[in-house]
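A note on names: the letters A, B, ... follow the listed sequences, proteins ahead of strands, and every chain is numbered from 1.
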Amino acid sequence: MTRYNPKEIEPKWQAAWEQSGIYKAEDQGEKPKWYSLIEFPYPSGAGLHTGHIRSNTALDIVSRKRRMQGFNVLYPIGWDAFGLPTENFAIKTGRPPQEVTKENTDTFRRQLKSLGYSFDWSREVDTTDPNYYKWTQWLFLQFFKEGLAYKDKININWCPKCKIGLANEEVEQGSCERCGGPVEAREKEQWILKMTEYADKLLDGLDGVDFLPEIKTQQRNWIGRSEGAEINFPLSPFSKGSTPQAGGISSIKVFTTRPDTIYGATFIALAPNHSAIGNWKLEIGNYPEVKVFIEKAKEEAEGQRNADKAGICLQGITALNPATGEEIPVWVVNYVLGDVGTGAIMAVPQHDERDREFAEKYNLPILDKPLASWEEVLEKTGGKKVVRYKLRDWVFSRQRYWGEPIPLVFCANCAKEPGENSKHEARNSKQIQNSKVQTENKYSDLNYGWVAVPDEQLPVELPRVEKYQPTDTGESPLAGITEWVNTACPSCGGPATRETDVMPNWAGSSWYFISYCIAENLKSQAPSIKQFTSPEFQNKLKYWLPIDWYNGGMEHSTRHLLYARFWMQFLHDQGLVPVAEPFAKRTAQGMVLAADGKKMSKSLGNVVNPDELVNEFGADAVRLYEMFMGPFDQAIAWAERGILGPWRFLEKVWNIGSRVHFLEERVETLPEVKRKLHQTIKKVSEDIEGLSMNTAVSTMMEFVNMAPGKISKADWQLLLRILAPFAPHITEELYQLLGNSKHEVLNSKGQSIHSQPWPEYDEALLVEEKFELVIQVNGKVRATVSAQKGISQAQAEEMAKPAVSKWLEEGEVKKIVFVADRLINFIVS
RNA sequence: GCUGAGGUGGUGGAAUGGCAGACACGCUAGCUUUAGGAGCUAGUGCCGCAAGGCGUGAGGGUUCAAGUCCCUCCCUCAGCACCA
């Protein structure tokens, strides 16, 4: 008998699987399809980390189980390789990011292969490959052509440290989610995708998908739909010293989700930065004090948020409650936010905690007025129903180098006479009206003169530059390459300039999951609507979509996951993809923390290196440990010696499985072992579906602990099969050792354990004949006795009494509780 | 502050209202001439020589029976955060 030596068997089987192509997915066939997906990794210079292994292994197990269950499985892999770390590395070392990326993906590929994942490597994609991003660019142009990409001068979130503009989704509590530094507002012209147009579809789509509830909650919060009304509160013409037309303004527009409470509205509260205040300099009697208050409130807002409520009454300005006709004062308060609603509220102390707190502090009236119907209020006040969203449009430009060039050209000549872009502008003007209602997002005229690069000129390739350093002026390094920037207008042929901003790193990941279905075609075909809608593309998309199970990190709930859904909703509307919701099911793994409970990081020196682990213990032990270490969805700290458990387990499996003659000597498995085997098959089958990988592994451990010398060769192979998805190498080796194939190189699909059917458990064998009857006196366990299942209460009493006579004699038996096949409880007093 | 999920040995963690601590790490003792993070056997929640008692964040309750259900409180994590 040889020792268990993963170093020898693992590379051997990895090569054999690759050669035989058993993990290659077919694009059609008799079998039902199954599409498993993990988030394709960002190939950082640090290499694969333990978190990747956790996610990849879990879905590898699911995928392998599905293959054994007879599915045609697609489990693909690729590289999300655009992004800042690579670019920053390039800046530091002066090496082209293309070269660095190649090195990093090579490392990742080697590491992933060393872990024995059943990826279909023939569909590998790389977002930085011009043959990939020509399609990313083409898809962006579909948004542009439909008027869903627009350029506007807006205040963006600018990270001065990264020298990059950020999307709302990339800002966490005023800080850059990447570097943690403070984010400032900066006015810039940006390309923006009109994600708000899809707010309702993104919301409604959640109803039909199987996402973790917390992911749905996060998305709903992020979209933040609220239905309410906008109501104008006119300025009072009656009030002394007040005018109905103060500073050219005759009313204050408020947004409320509770128009029905308007009878209780006893004052108007404005945000400190409400635009009307500046126009009332002359009318406001106490303007100097108001100004001081506003300055203070702005300072506070930058510091802590939960400052005590405070406000100041605008003397000389009085509004009318349009429902009651009563005069009410107008206050500026620190608890109303300028960027929410209209920046003005009708304060109803009776119904709103915050208004009440404020009213009590300043002795403002609290009116217990009756509620009205929405219809009545809207009619009476001339207000209108409004739906508002927290979701903002997606700022899509980045002033950096390492991203997809935005495939647009600016032509001053074409800007003069709109013609080419007429459809686009017609749509925009229609949306301008909608957007006023919805989000106040105005469209500028900045799209005039922007011309799409024609399909046949895609990709717009990222030119090699000498200097990757971003600039403080907020211009992309590409802006400095005049020979690239200056080009001919595709529309009129005149001189024109290219857009020099690039796309955010979320662009390539917004559609990569459909790219896997058509990976081969994407490479060879030039992007065009004809190609994309061809049967060649569409049949494959129809076959594979939606993704049956997508697993990834919780941190992507409001970024990648929202963006990807938005792209698919849009592409579905364009008739380009067969489903609107790409992910039928979404789960998330918990983080793998370092042994010290902190995040693994280079600077802390607490990173666990997968290469060293695989080298020391083998891929199977690493995979098994990461599944065994704790509940899948929970953050968990790496334990130095924890891997020894799974390692010893695999040694036990090896010791049983490699003594073939022993297994052959035992013709029949002992009954209790057989029962345990079938219980194990059931438990493992179910646990995989619920991602309860830790208990699946422990169940198999229990079984292997009782199996030595008691199991037949045939039954042993059932254990190997349910273990195979977890530990694919050792199980393949042991399976072949039992004489299932004479070849070390698999030359047909049937010879691998991974192509064997998933074992079914025998329901009849699960049932135990005996059980331990628990005997309690007054609810306390005093004895147990082995009994036949199905015994009656009388039989149980007879068996139990002698065992607990000592306690029964202490009093009189008042009551007996009997739970069949479980326990008997004597109540004595 | 609100919402959700949690709090179980020295550690990671198991437990359809029915023997709490499965499985694993660690530890203790013994065996084995034992290259190796070895292997094997026994033990390992706490107190107690034992009988037994006590034990799932704290306190109360329901129940023959509570880690599990209900109430109050404390703490941890996640999400939202003055969203009108």
request  = In sequence, state the C-alpha distance, the side-chain angles, and the governing distance for A:W807 and A:F826, and then conclude on ring pair (Phe, Tyr, Trp, His ring centres under 6.0 Å).
outcome  = CA-CA 9 Å; A:W807 288 275; A:F826 298 93; over 10 Å; no

Which of the following nucleotides, [options], is nearest to the side chain of [X]?
| X | options | value |
| --- | --- | --- |
| A:P631 | B:rA84, B:rC40, B:rA14 | B:rA14 |
| A:L644 | B:rG37, B:rA84, B:rG52 | B:rG37 |
| A:V781 | B:rA84, B:rC19, B:rC23 | B:rC19 |
| A:I345 | B:rG18, B:rA84, B:rC54 | B:rA84 |
| A:E702 | B:rA22, B:rG52, B:rC25 | B:rA22 |
| A:L337 | B:rC19, B:rC82, B:rA14 | B:rC82 |
| A:T695 | B:rC64, B:rA24, B:rA14 | B:rA14 |

For [N] and [X] - does any side-chain N or O of the residue sit under 4.0 Å from the phosphate oxygens OP1/OP2?
| X | N | result |
| --- | --- | --- |
| A:N694 | B:rA22 | no |
| A:R782 | B:rG53 | yes |
| A:R258 | B:rA84 | no |
| A:K309 | B:rA84 | no |
| A:K216 | B:rG79 | no |
| A:R648 | B:rG26 | yes |
| A:Q634 | B:rG13 | yes |
| A:R641 | B:rG37 | no |

Side chains of [X] and [Y]: is there a donor and an acceptor less than 3.5 Å apart?
| X | Y | result |
| --- | --- | --- |
| A:N551 | A:Q589 | yes |
| A:D355 | A:Y335 | yes |
| A:E39 | A:H560 | no |
| A:Q218 | A:E214 | no |
| A:N321 | A:Y263 | no |

Taking the [atom1] atom in each of [N] and [M], what is the distance between them to the nearest angstrom?
| N | M | atom1 | value |
| --- | --- | --- | --- |
| B:rA51 | B:rG61 | P | 32 Å |
| B:rG57 | B:rG10 | P | 13 Å |
| B:rG21 | B:rG12 | C1' | 13 Å |
| B:rG7 | B:rC73 | C1' | 14 Å |
| B:rC80 | B:rC69 | P | 27 Å |
| B:rG17 | B:rG13 | P | 22 Å |
| B:rG18 | B:rG36 | P | 47 Å |
| B:rG45 | B:rG9 | C1' | 5 Å |

query = Going by an N to O cut-off under 4.0 Å, is there a salt bridge joining A:R356 and A:E360?
reply = yes

[N] base / [X] side chain donor-acceptor hit below 3.5 Å:
| X | N | result |
| --- | --- | --- |
| A:E616 | B:rG37 | yes |
| A:N825 | B:rC64 | yes |
| A:R3 | B:rG36 | yes |

Does [N] have a Watson-Crick or wobble mate here (both distances under 3.5 Å), and if so which one?
| N | answer |
| --- | --- |
| B:rC19 | none |
| B:rA78 | B:rU3 |
| B:rC40 | B:rG30 |

query = For B:rG9, does the O4'-C1'-N9-C4 (purine) or O4'-C1'-N1-C2 (pyrimidine) torsion place it in syn, i.e. within 90° of 0, or in anti?
reply =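 Here the answer is syn: the torsion falls within 90° of 0.
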
query = Rounding to a whole Å, what distance do you find between A:F703:CZ and B:rA24:C1'?
reply = 19 Å

request  = Figure out the CD/P separation between A:E612 and B:rG37, and round it to whole Å.
outcome  =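 It works out to 17 Å between those atoms.
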
request  = Look at all strands and tell whether A:K806 reaches a base, only sugar-phosphate, or nothing, counting heavy atoms closer than 4.0 Å.
outcome  =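 If one applies the 4.0 Å heavy-atom cut-off, A:K806 turns out to touch the sugar-phosphate alone, with no base involved.
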
